[in-house]
Amino acid sequence: MTTNKNLSQCIKIRPLTLDDYEAALKWSMDDTFCLANGWELNRSPEELYKWWLKCVNNVAEDFIRMGIQFNFFQQVS
């Protein structure tokens, strides 16, 4: 069965990219998620895309945006 070592190999912390927009769009349609994370409600896909573009391209010394990727199928040994 899956061990902790195998599970840790399935989780990857990586920079957010523009390719993550579809996930952000899906999250933006979940009011509970938006309220819990301080996101505005009822954003249009176009406005959200502009915001996401700024998020992934904004470089700041004191703030880093990262994503967590879980590869479920890699955990089965």
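Values below: every heavy atom of this structure, side chains too, minus hydrogens, waters and symmetry copies.
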A.B. asks: Roughly how far, to the nearest 0.5 Å, is NZ of Lys12 from CD of Gln69?
C.D. replies: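 NZ of Lys12 is found 5.5 Å from CD of Gln69.
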A.B. asks: Would you please indicate if the ring centroids of Trp52 and Tyr21 are separated by under 6.0 Å?
C.D. replies: no
A.B. asks: Look at Arg65 together with Asp20 and state whether they make a salt bridge at an N to O cut-off of under 4.0 Å.
C.D. replies: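 Asp20 and Arg65: not salt-bridged.
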A.B. asks: Can you tell me how far apart CG (Leu48) and CG (Leu25) are? Round to the nearest 0.5 Å.
C.D. replies: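 One gets 6.0 Å once the value is rounded to the nearest 0.5 Å.
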A.B. asks: Step through the shown structure and confirm whether more than 12 heavy atoms of other residues, nucleotides or ligands are within 6.0 Å of CD1 on Ile64.
C.D. replies: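 Atom CD1 in Ile64 is not crowded, with 12 or fewer foreign heavy atoms closer than 6.0 Å.
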A.B. asks: Within the side chain of Asn58, is there an N or O that forms a donor-acceptor pair under 3.5 Å with the backbone of Lys54?
C.D. replies: no
A.B. asks: What are the two closest heavy atoms between Ser28 and Cys34, and how far apart are they?
C.D. replies: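 Distance-wise, the nearest heavy atoms are O-SG, 3.5 Å.
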A.B. asks: For a 4.5 angstrom cut-off between non-hydrogen side-chain atoms, does Trp39 reach Trp51?
C.D. replies: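 Yes, close enough: below the 4.5 Å cut-off.
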A.B. asks: Look up atom CG in Asp31 and atom CG in Leu41, then write down how far apart they are to the nearest 0.5 Å.
C.D. replies: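 The CG atom of Leu41 is 5.0 Å from CG of Asp31, to the nearest 0.5 Å.
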A.B. asks: Can you get from Leu16 to Met66 by hopping between Ile, Leu, Val, Met, Phe, Trp and Tyr side chains that sit under 4.5 Å apart?
C.D. replies: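 No, Leu16 does not connect to Met66 through the hydrophobic network.
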